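First up is the structure itself, then whatever we jot down about it.
Note on naming: letters A, B, ... go to the chains in the order of the sequence lines (proteins, then strands), and numbering restarts at 1 for each one. As the structure is a computational prediction, the values presented were derived from the model and not from experiment.
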Number of protein chains: 2
Amino acid sequence: MNKQPTGPGEIGWQARKSAATRDQIISAAIRCIVDLSYSKTTMIKISEKAGLSRGATLHHFPSKMDIIRAAVEYLHEKRIQAFRRSIREIPDGADMAHLAVEAYSAHLNHPIYIALFELSVAARTDNELKEILHTAQLAFDREWYETAWDLFPEWHSDRKAFDLALNLSQQLMEGMAISNFTHARQIDKKQLLTYLEEKVRELKP
Amino acid sequence: MNKQPTGPGEIGWQARKSAATRDQIISAAIRCIVDLSYSKTTMIKISEKAGLSRGATLHHFPSKMDIIRAAVEYLHEKRIQAFRRSIREIPDGADMAHLAVEAYSAHLNHPIYIALFELSVAARTDNELKEILHTAQLAFDREWYETAWDLFPEWHSDRKAFDLALNLSQQLMEGMAISNFTHARQIDKKQLLTYLEEKVRELKP
DNA sequence: CTTGTTTCAAACAGTTATGACTTTTTTCCG
DNA sequence: CGGAAAAAAGTCATAACTGTTTGAAACAAG
């Protein structure tokens, strides 16, 4: 990779390569989860996608669960980052309801969400995974709620209405995202989202 | 089981026993899917739950997929039956919105729905399973829509509003059911359901 | 009583995953 | 340049699952 000798005082010795392959492994694991499902994600498949041998992968992560653990951390970090970015980009004075709905809608079709959903479903019947997810999930939920609260100061006069609007949006949109593959019948998403935006505006104090 | 000699004209010779063990196997398979997840459902586990040997199970169903196929058929049949029964029980002149919401809510916490959900998620990355589910799912969705249409004649003047109310209810409630295990934060379900009922009443022509 | 069919049990071969262990290659630094 | 240490590759034992095959009961019918 980088053949320059470690400069004086430089922290990074070439464990940067190690960090880089670690990231490769985590990224490969997430792609496996999205493409193959959690249960079909094996060390072999991860190694193949990462372009490494099994031994190399096992050198960085002693067991499969260690990879999953790292992947969950990575996913939640990225998810919060993406959430913050998407709402920071909303211009002042814009149609907040519409843009916020749009933003969360886009998020729900992103691989990050799909991977986390796949893991959440698998966790229903896997206690070890459930425990790994629980901490990160709790942190995300709190972060999500507080970021939204800060973002919409005009709701501060009515916390109940705020909770209702937030929950309504979240639950409905997640239901819609998931129904993509739990239902054969195609629904009119646009109609539903427009209606949702309307109701959110109505709820605003 | 029944040692009486096959009576004259009687259809059922002791293939009734066969049918009974077939049902046992299907039931055991569904319990496995709910308790262990689709991917951890193996012939061995199914046989154990059914109280049979692997050979016996394999005699009735040549392969695992044949069991799954039968289970999917069984689940959709039961689901439609349960749906029809629950709405037939709604008394005339009652608060339809409330009772219908209540009924679908109950359904979403029933093992039948959990099993189908588990299978639907697994089907995302399993083409064989996807194909098995697709037909039955299509039939259920149509049945569901038409039963609802027949049940609420007062909406017949406005099909658009009907679709909106139906989709809103379905997507929101499914989102809520699923968020039980995808979110750590507990939401106020009662508030959301009450709001939903109110909106459904508003939409009624 | 015997013959053939249906139900169930058990043993077997083939495949695939995991994780421990060993060996080779690469990289760093004196 | 040369040795130490980390990274990567390869090997192995073990375990689990699938589906085939073989064998043994139960039972109806000739």
query: Which nucleotide, C/dA17, C/dC8, D/dA9, lies nearest any side-chain atom of A/Ala56?
result: D/dA9

- request: When you get a sec, tell me which of C/dC8, D/dC17, D/dA9 is the closest nucleotide to the side chain of B/Ile44?
  value: D/dC17

query: Is any side-chain N or O of A/His60 closer than 4.0 Å to OP1 or OP2 of D/dA6?
result: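 No.
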
message: D/dA7, OP1 or OP2 - any side-chain N/O from A/Thr21 closer than 4.0 Å?
response: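 Answer is no, no contact under 4.0 Å.
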
task: Quick one: label A/Thr42 by what it contacts on the DNA or RNA (base, sugar-phosphate, nothing), any heavy atom closer than 4.0 Å.
output: sugar-phosphate

Quick test of your reading: applying salt bridge (Lys or Arg N to Asp or Glu O under 4.0 Å), list the pairs with at least one residue in [range], sequence neighbours left out, ordered by first then second residue.
range	answer
residues 31-54 of chain B	B/Asp35-B/Lys49
residues 111-127 of chain B	A/Glu118-B/Arg124, A/Arg124-B/Glu118
residues 184-200 of chain A	A/Glu197-A/Arg201, A/Lys199-A/Glu202, A/Lys199-B/Glu202

query: Where is the tightest heavy-atom contact between A/Tyr195 and B/Leu168, given as atom of each residue plus distance?
result: CE2-CD2, 3.6 Å

field: Qualifying ring pair (Phe, Tyr, Trp, His ring centres under 6.0 Å) pairs with a residue from residues 31-59 of chain B, counting only residues at least two apart or across chains
entry: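 Applying ring pair (Phe, Tyr, Trp, His ring centres under 6.0 Å) to every pair that reaches into residues 31-59 of chain B, excluding sequence neighbours, yields nothing.
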
- request: Could you identify which residues of residues 24-34 of chain B place a heavy atom less than 4.0 Å from some atom of DNA chain D, listed by residue number, or say none?
  value: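 Of all residues in residues 24-34 of chain B, none places a heavy atom under 4.0 Å from DNA chain D.
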
Contacts under 3.5 Å, N or O only, protein and nucleotides 19-24 of chain D:
| residue | atom | partner | partner atom | Å |
| --- | --- | --- | --- | --- |
| D/dG19 | OP2 | B/Lys64 | N | 3.4 |

What integer distance in Å separates [X]:[atom1] from [N]:[atom2]?
X	N	atom1	atom2	value
B/Tyr38	D/dC17	OH	C1'	14 Å
A/Arg22	D/dA8	CZ	C1'	16 Å
B/His59	C/dA10	NE2	P	16 Å
B/Leu36	D/dA16	CG	C1'	15 Å
A/Asp66	C/dA20	CG	P	10 Å
B/Glu48	D/dC17	CD	P	9 Å
B/Asp23	C/dT7	CG	C1'	16 Å

field: side chain to side chain donor-acceptor pair (under 3.5 Å) contacts touching residues 69-80 of chain B (sequence neighbours left out)
entry: B/Arg79-B/His107

message: Tell me which pairs pass side chain to side chain donor-acceptor pair (under 3.5 Å) where either residue lies in residues 80-91 of chain A, with sequence neighbours left out.
response: A/Arg84-A/Glu143

Under 3.5 Å, side-chain donor or acceptor atoms of residues 130-138 of chain B against the rest of the protein: list the pairs with distances, not counting sequence neighbours.
| residue | atom | partner | partner atom | Å |
| --- | --- | --- | --- | --- |
| B/Gln137 | NE2 | A/Thr182 | O | 2.7 |
| B/Gln137 | NE2 | B/Ser120 | OG | 3.3 |

query: Would you say the side-chain atoms of A/Asp66 pair up with the backbone N or O of A/Ser63, donor to acceptor, closer than 3.5 Å?
result: yes

